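What follows is a short report on a single structure.
Model, not experiment: these values are computed from the prediction.
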Amino acid sequence: MTVAADGAASLVQSVDWLAIAPPTLTAVVALVILVADLFVPEQRKQLLGGLAIAGLAAAMAFLLPLWNDDRSTFCLSGENGGTGACSYTADHFTLVIQLLVLGGALLTALLSLTGTKDLPAGEFWFLLLSSAAGAALLPASRDLATLVVALEVASLPAFALVGLKRGDRRSSEAALKFFLSSVTATAVMLLGVSFVYATTGTLHLTEIAGALDDVPGQLATLARAGVALTLVGFAFKTAAAPFHFWVPDTYVGAPLPIAAYLSVVGKAVGFTGLILVTVVAFPSYADVWGPVLAFLAALTMTVGNAAALRQSATRAWSAVRLLAWSSVAQAGYLLVPIASSAYADGDRIGSTVAYALMYAVVNLGAFAVVALVARTEPENRIADYRGLYARRPAAAVALAFFLLCLAGLPPGIIGLFAKVTVFSAAVDAGLGWLAVFMAVNVVIALYYYLRWTALLFRAPEGEEAPSGAAVRTAGNGELSAPATPVPLTVAIALTAALGVALSGAPQLVLRFADVNLF
């Protein structure tokens, strides 16, 4: 809200268009694609994918002029005409998460150029960019209303994307399970938001923090209930146990690029919201959410790793299921620094952001290789990766590197560095028991990551050539794998290059992710 020349408050609010450019441009491009789909002939629908990639790249470019300048817009009028609490803030935390979200969506788009040809192009690209726009809006949200709206804008298109494979029973079942569980979690979260609003009389995060410092005795129970219930919706988005049950079936039923998108961007959305409501809005109730998140972290990493251990190499879609359960386990590690913030002075969320950046790069890379193998092995069993090095040496080496990063073993130094950072956050906060849980789970995870890695370099079973489209005859009579599509090659090469670069200078990640919300 602006102030008129005569001192009276004007009802016309100025908008900082540069600050809101990244999510706004993404949403505008989504609408352009939806309209363009009506006029583009069927044989040229691939142009819509190119437009989506260009739009995401342009949105990322708009992050550059914002990098060294905190901006806020949609602000209340403060005292003496000054600026009060704001609903949208583009600070360093916001920009780092927006880079992760838009970069993840861009890599998903590259995977989708060749992996979604059987899906309706216009709807697919519109839904993907709509979800990315909501995900980019969420880290900038500084009131609960905007936070909830951004969360649902990111989630609702994702339901449709999961179920977009028409006539596929697994896809429809996955979308329904994802939708029903998400709606239930959102309803619980909205009940918590209403309790917080009834207690504090405001929706702005910074004002809630101040109001919760001095809650009347008769409203203390209502406030605690509101804080606890508000966390439920974000715990679901992060796939934290016991809200994780939708993950494996959803990842298997969804198109592979969308499974990759949910594992990275969907998870980033959940953790961002969780950070904002706990660290910014509810710091005075750390005694409520701190122990809860610490318990959820231990439970989540244990459940995820235990389920990943049980995956049979010969079961259909076991490769995707293993990555799904690995994603659940990784969520437990990501929760550790947030829980630690409740017990120690200072802001520990930089460890979560750094871990999320590492995880985004290597997990998208792993899904890119899985998408490549799925072109010739549609059931995508772990056993199908046996002897991959003999057929596709570059892809096998890349997948081995990504798996070692997730395990935290050299040469995946960035994975080791991220785990040490998270482990240190727990120790420094006095959560020794949680650090022990994490150490045990990291050791457990080594088994299934190394088992898959070793399989890549074993000789093909019986030295028999792969069947069907998996091979083609070369000019000299030898058998070799079919050519890799260019977009898949770019996605694998880009994620591998980023992983190697970050492993060479892991300290840059923590410095880059050094965020402060106070």
Nearest 0.5 Å please: distance from the CZ atom of Phe178 over to the CG atom of Leu161. 9.5 Å

How many angstroms lie between atom NZ of Lys237 and atom OG of Ser182, to the nearest 0.5 angstrom? 3.0 Å

Kindly assign one of parallel, tilted or perpendicular to the pair Phe179 and Phe159, based on the angle between their ring planes and the thresholds 30° and 60°. perpendicular

Does Thr495 reach the main-chain N or O of Ala491 with its side chain, forming a donor-acceptor pair under 3.5 Å? yes

Expected output: side-chain Ser141 to main-chain Leu137 donor-acceptor under 3.5 Å: yes

Closer than 3.5 angstrom, by distance alone: can the side chain of Ser503 be matched with the main-chain N or O of Ile414 as a donor-acceptor pair? yes

Can you name the one residue among Leu111, Leu322, Leu256 that meets side chain to side chain contact (heavy atoms under 4.5 Å, CB included) with Val370? Leu256

Kindly indicate whether the side chain of Tyr355, heavy atoms from C-beta on, has any atom under 4.5 Å from the side chain of Pro337. no

Begin with the C-alpha distance, continue with both residues' side-chain angles, and end with the deciding distance and a verdict on side chain to side chain contact (heavy atoms under 4.5 Å, CB included) for Leu107 and Phe367. CA-CA 10 Å; Leu107 285 168; Phe367 265 104; over 6 Å; no

Which heavy atom of Thr26 sits nearest to which heavy atom of Ala59, and what is that distance? OG1-CB, 3.5 Å

Examine distances only and state if a side-chain atom of Ser171 and a backbone atom of Val162 form a donor-acceptor pair shorter than 3.5 Å. yes

Is a side-chain donor or acceptor of Thr94 paired with a backbone partner of Pro139 at a separation under 3.5 angstrom? yes

Excluding sequence neighbours, so at least two apart, what forms side-chain hydrogen bond (donor to acceptor under 3.5 Å, both in side chains) with Ser351? none

Listed once per pair and sorted, the salt bridge (Lys or Arg N to Asp or Glu O under 4.0 Å) pairs that draw on residues 206-217, sequence neighbours left out: none

In terms of heavy-atom contacts, does OH of Tyr448 have more than 12 from other residues, nucleotides or ligands at under 6.0 Å? yes

Closest approach of Phe195 to Ala225 (non-hydrogen atoms, all atoms of both residues): CD1-CB, 4.1 Å

Report the residue from Val288, Val196, Leu276, Leu205 that forms a side chain to side chain contact (heavy atoms under 4.5 Å, CB included) with Phe282. Val196

May I ask you to decide if the ring planes of Tyr88 and Phe74 are parallel, tilted or perpendicular, using 30° and 60° as cut-offs? perpendicular

With no hydrogens and no angle check, is any side-chain donor or acceptor of Lys419 less than 3.5 Å from a backbone partner on Leu406? yes

Before giving the answer on side chain to side chain contact (heavy atoms under 4.5 Å, CB included), spell out for Val96 and Leu357 the whole-Å C-alpha distance, their side-chain angles and the decisive distance to 0.1 Å. CA-CA 9 Å; Val96 171; Leu357 289 170; 4.1 Å; yes

Check: Thr300 side chain, Ala297 main-chain N or O, donor-acceptor pair, under 3.5 Å: no

Do Ser263 and Tyr359 touch side chain to side chain, with heavy atoms closer than 4.5 Å? yes

For the CE atom of Met358 and the CG atom of Leu416, what is their distance to the nearest 0.5 Å? 10.0 Å

Which residues share a side-chain hydrogen bond (donor to acceptor under 3.5 Å, both in side chains) with Arg71, sequence neighbours left out: Asp16, Asp69

Which residue pairs pass the salt bridge (Lys or Arg N to Asp or Glu O under 4.0 Å) test when at least one of the two sits in residues 149-159, sequence neighbours left out? none

So which heavy atom on Tyr251 is nearest to which on Ser327, and how close? OH-OG, 3.6 Å

What pair of heavy atoms forms the shortest contact from Thr73 to Cys86, and how long is it? O-CB, 3.8 Å

For the atom pair CG (Leu129) and CG (Leu34), what is the distance rounded to the nearest 0.5 Å? 11.5 Å

Looking at Ser130 and Ala30, what are the two nearest heavy atoms and their distance? OG-CB, 3.9 Å

Between His204 and Asp143, does the side chain to side chain contact (heavy atoms under 4.5 Å, CB included) criterion hold? Intermediate values first, please. CA-CA 4 Å; His204 286 86; Asp143 69 65; 4.0 Å; yes

Validation row: Ser340, Asp428 side chains within 4.5 angstrom (heavy atoms): no

CD1-CZ distance between Ile338 and Phe271, expressed to the nearest 0.5 angstrom: 5.5 Å

For Tyr197, I'd like to know if atom OH has over 12 heavy atoms of other residues, nucleotides or ligands within 6.0 Å. no

Is the shortest side-chain heavy-atom distance between Val336 and Met301 below 4.5 Å? yes

With sequence neighbours left out, the residues meeting side-chain hydrogen bond (donor to acceptor under 3.5 Å, both in side chains) with Ser326 are Tyr449

side-chain hydrogen bond (donor to acceptor under 3.5 Å, both in side chains) partners of Ser131, counting only residues at least two apart: Tyr261

Just how far is it from atom CG of Leu274 to atom OG1 of Thr352, taken to the nearest 0.5 Å? 9.0 Å

Pairwise side-chain contact, Thr186 with Phe236, heavy-atom cut-off 4.5 Å (strictly under): no

Within a strict 4.5 Å, meaning less than it, do heavy atoms of the Leu147 and Leu203 side chains meet? no

Would Phe234 and Leu231 count as a side chain to side chain contact (heavy atoms under 4.5 Å, CB included) if you check the C-alpha gap in whole Å, the side-chain angles of each, and the deciding distance to 0.1 Å? CA-CA 5 Å; Phe234 297 107; Leu231 300 180; 5.6 Å; no

Is any side-chain heavy atom of Leu334 less than 4.5 Å from a side-chain heavy atom of Thr238? no

Side-chain donor or acceptor of Ser72 paired with backbone N/O of Thr89 under 3.5 Å: no

Side-chain heavy-atom pair Pro22, Leu102 within 4.5 angstrom cut-off: yes

Residue pair Trp125 / Ala52: nearest heavy atoms and the distance that separates them: CE3-CB, 3.6 Å

